[in-house]
Colleague: 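Starting off with a structure, shown below.
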Amino acid sequence: MSKDSNSLRMEKIVSLCKRRGFVFQSSEIYGGLNGFWDYGPLGVELKRNLKNFWWRRVVREHDDIVGLDGSIIMNRAVWKASGHEETFSDPMVDCRSCQTRHRADQLPEKDGASYCPNCNSRDLTPPRAFNLMFKSFAGPVENDENLVYLRPETAQAIFVQFKNVLDTSRQKIPFGIAQIGKAFRNEINPRNFIFRSREFEQMEVEYFCKEQDGLTILEKWLEERLRFYEDIGIPRSKIHVHEIPDGERAFYSKKTYDLEYEFPFGVQELEGIAYRTDYDLTQHARASGKPLDYFEEETKQRFIPHVIEPSAGVDRTTLALLCEAFDEETVTDHSGKSEVRTLLRFHPRMAPIKCGIFPLLKNKPELVSKAKEIASSLRGQLAVFYDETGAIGRRYRRQDEVGTPFGVTIDFDTIGENGPSLQDTVTLRHRDSMKQERIAIAELKSFLLQAVD
Ligand code: GAP
């Protein structure tokens, strides 16, 4: 696909997200705020489905992984010990011509020299480190003693609670602690919609193991994470596994993979899987003076566990789901008229709405009451959308555009007006193929629950 068609595709996705209630600009009525987004009714369902499935895969399906929900603001000492206060920065340059600020490592170049992406000037300051952590104060006094940071990653809460979780969960090495939560980074240039924002969510695991098992466990996590993306509808062929070469990895990491997705704006990082050695626990043990080692009963050995960390972005994965699902196809109706059908081909388990429920006609009380009865019997276990307005074809299209995998139409056969053989059956329409079949109302719920599981 050409650059133009890729940016047009991205524009269409962003526009659909706004039009149909997936993502809005934060504080939009006041002109927005760069790098902040709100998820609308459908976006919040999509994101919830993603987080729930991650939790199920990572925590519920593993008896060696437990959860944590740490606070966003922690003692400043955490960020000193982790190295964030000193080094969590991006190189920043100022453009002397138009006074804009940019990330030095993301500047466009021409003839070997960088230039300002805003005004094309080459009059740029030398790069300097800009710390990405948002600052605030805990308590009423705004002084250095009360300075706190909004966490830039969820991981550190896991490291500093390692001992408490170990002591209370009766886990043994190897085991993991998982967390989903907000993180904040004062990105110099937020961009590409929800891809790089200043407030986002992470889904992270810190998996603690013996040093000799670290590299093998890293490979297992790589495979597991690739399977996860496949199971939410992102094929392996679209995920690039990039091993970070020596010299580019964090100094404490023995091996790191980035999983990158083919976004319309380029192949970009979705998740990092890092072998962080014993760096974090060692740092926190040293700085806090509290032992964070592990005693192995069988061997009577005491050691600081090594850590494998799969760290994924909720917002980036949500964007990847939207990009992967977005499609336009030309369809022709029975009268020979062609039109473009816009649809989101979400995997049913990710789709915000699982099933549209449509009475064929809204002025037929028997159809309406039967449709409402079916909708309420599904609601609670399944996100359904009841719609009685407009021609049935239009109603199908509206659900296609938000990625609803199934549509159920309640018609005259359902209420037995054409004889008993089809009574209490409905038309089930499949979004992707547009094929329709008859299904008994009694079987509908179990069919849908199975399809979206
Ligand atoms: N604990 C390790 C860690 O935080 P990271 O590579 O900096 O590693 C992990 O972040 C993931 O968090 C990224 O792969 C990405 O999905 C997401 N992420 C990082 N910065 C982001 C941002 N500014 N906006 C949206 N997602 C971001």
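Numbering of ligands and ligand atoms starts at 1, following listing order. All values derive from a computational prediction rather than experimental measurement.
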Colleague: Could you identify the single nearest non-hydrogen protein atom to atom 13 (C) of ligand 1 and state the distance to 0.1 Å?
Modeller: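 In this structure, atom 13 (C) of ligand 1 has E269 OE2, 3.3 Å as its nearest protein heavy atom.
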Colleague: Short question: side chain of R185, backbone of P152 - any donor-acceptor pair under 3.5 Å?
Modeller: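 Looks like yes, one N/O pair under 3.5 Å.
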Colleague: May I ask you to list the atoms of ligand 1 that are less than 4.0 angstrom from any heavy atom of E309?
Modeller: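 Answer for ligand 1: 1 (N), 2 (C).
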Colleague: Return yes when L270 approaches ligand 1 closer than 4.0 angstrom through a heavy atom, no otherwise.
Modeller: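 Contact present.
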Colleague: How long is the straight-line distance from CZ of F195 back to CZ of F200, given to the nearest 0.5 Å?
Modeller: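 These two atoms lie 11.0 Å from each other.
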Colleague: Looking only at protein heavy atoms, identify the closest one to atom 25 (C) of ligand 1 and say how far it is in Å.
Modeller: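 Of the protein heavy atoms, F195 O, 3.1 Å lies nearest.
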Colleague: Do side-chain atoms of K354 reach the backbone of R349 as a donor and acceptor pair under 3.5 angstrom?
Modeller: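 Side chain of K354 to backbone of R349: a pair is present.
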Colleague: Considering heavy atoms of the protein only, find what lies nearest to atom 8 (O) of ligand 1 and give residue, atom and distance to 0.1 Å.
Modeller: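 Going by distance alone, atom 8 (O) of ligand 1 is nearest to S311 OG, 3.9 Å.
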Colleague: Report the part of R198 (side chain from C-beta onward, or backbone N, CA, C, O) that has a heavy atom under 4.0 Å from ligand 1; answer both or neither where that applies.
Modeller: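 For R198, no heavy atom sits under 4.0 Å from ligand 1.
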Colleague: Treating D90 as the side-chain partner and H102 as the backbone partner, does any N or O pair qualify as donor plus acceptor under 3.5 Å?
Modeller: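 Checking the backbone N and O of H102 against the side chain of D90, no donor-acceptor pair under 3.5 Å is found.
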Colleague: Starting from atom 15 (C) of ligand 1, find the nearest protein heavy-atom neighbour and note its residue, name and distance.
Modeller: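 The closest heavy atom on the protein side is R316 NH1, 3.5 Å.
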Colleague: Looking at T277 and Y252, would you say the former's side chain and the latter's main chain have a donor-acceptor pair under 3.5 Å?
Modeller: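 Yes: the side chain of T277 pairs with the backbone of Y252.
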Colleague: How far is atom 19 (C) of ligand 1 from the closest protein heavy atom, and which atom is that?
Modeller: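 For this ligand atom, the closest protein heavy atom is R185 NH1, 3.5 Å.
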Colleague: Decide whether an N or O pair under 3.5 Å exists between E206 and ligand 1.
Modeller: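 Looking only at distances, the answer is no, because the N/O contact criterion of under 3.5 Å is not met.
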Colleague: Compute whether any side-chain donor of one residue and acceptor of the other, for Y275 and E219, lie under 3.5 angstrom apart.
Modeller: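 No donor-acceptor contact under 3.5 Å links the two side chains.
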Colleague: Can you find an N/O atom of A312 closer than 3.5 Å to an N/O atom of ligand 1?
Modeller: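 Between A312 and ligand 1 (N or O atoms, distance only) the closest approach is not under 3.5 Å.
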Colleague: Over 60° means perpendicular and under 30° means parallel, so classify the ring planes of H84 and F88, tilted if in between.
Modeller: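 Geometry flag for H84 against F88: tilted rings.
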Colleague: Does R395 use its side chain to pair, donor to acceptor, with the backbone of D387 at less than 3.5 Å?
Modeller: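 Yes, the answer is positive, given that a donor and an acceptor are paired below the 3.5 Å cut-off.
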Colleague: Output the list of atoms in ligand 1 that are nearer than 4.0 Å to some heavy atom of E204, sorted by atom number.
Modeller: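 Here the atoms of ligand 1 in question are 1 (N), 2 (C), 3 (C), 4 (O).
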Colleague: Quick one: look up the protein heavy atom nearest atom 18 (N) of ligand 1 and list residue, atom name and how far away it is.
Modeller: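 Here the nearest protein heavy atom works out to F200 CE1, 3.5 Å.
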Colleague: Applying side chain to side chain contact (heavy atoms under 4.5 Å, CB included), name anything that partners P352, two or more places apart in sequence or on another chain.
Modeller: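 F22, L42, E45, L46, F346.
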Colleague: Could you tell me whether E187 and ligand 1 have an N or O pair separated by under 3.5 Å?
Modeller: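 Yes, there is a polar N/O contact under 3.5 Å.
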Colleague: When you measure from atom 10 (O) of ligand 1 to every protein heavy atom, which one gives the shortest distance, and what is it?
Modeller: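 Result: Q202 NE2, 3.3 Å.
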Colleague: Considering both backbone and side-chain atoms of R196, is one of its nitrogen or oxygen atoms within less than 3.5 Å of a nitrogen or oxygen in ligand 1?
Modeller: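 It does not: no N or O of R196 is found under 3.5 Å from an N or O of ligand 1.
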Colleague: I need the contact type for A155 against ligand 1. Using non-hydrogen atoms and a strict under-4.0 Å cut-off, is it side chain, backbone, both or neither?
Modeller: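 Looking at A155 and ligand 1, just side chain atoms fall under 4.0 Å.
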Colleague: Does any non-hydrogen side-chain atom of L319 lie less than 4.5 Å from one of Y261?
Modeller: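 In short, these two side chains do not touch, never coming nearer than 4.5 Å.
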Colleague: Counting non-hydrogen protein atoms only, what is the nearest one to atom 24 (N) of ligand 1? Give residue, atom name and distance.
Modeller: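 For this ligand atom, the closest protein heavy atom is S197 N, 3.0 Å.
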Colleague: So, does R198 use its side chain to make a donor-acceptor pair with the main chain of E187 at under 3.5 Å?
Modeller: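 Confirmed, R198 side chain pairs with E187 backbone.
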Colleague: So, is G313 polar-close to ligand 1, with some N/O to N/O distance under 3.5 Å?
Modeller: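 The answer is yes, given that G313 and ligand 1 share an N or O pair closer than 3.5 Å.
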Colleague: Should you measure from each heavy atom of E271, which atoms of ligand 1 turn up under 4.0 Å away?
Modeller: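 This gives 14 (O) as the contact atoms.
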Colleague: If the condition is ring pair (Phe, Tyr, Trp, His ring centres under 6.0 Å), which residues does Y30 pass it with, not counting sequence neighbours?
Modeller: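 Scan of Y30 (ring pair (Phe, Tyr, Trp, His ring centres under 6.0 Å), adjacent residues dropped) gives none.
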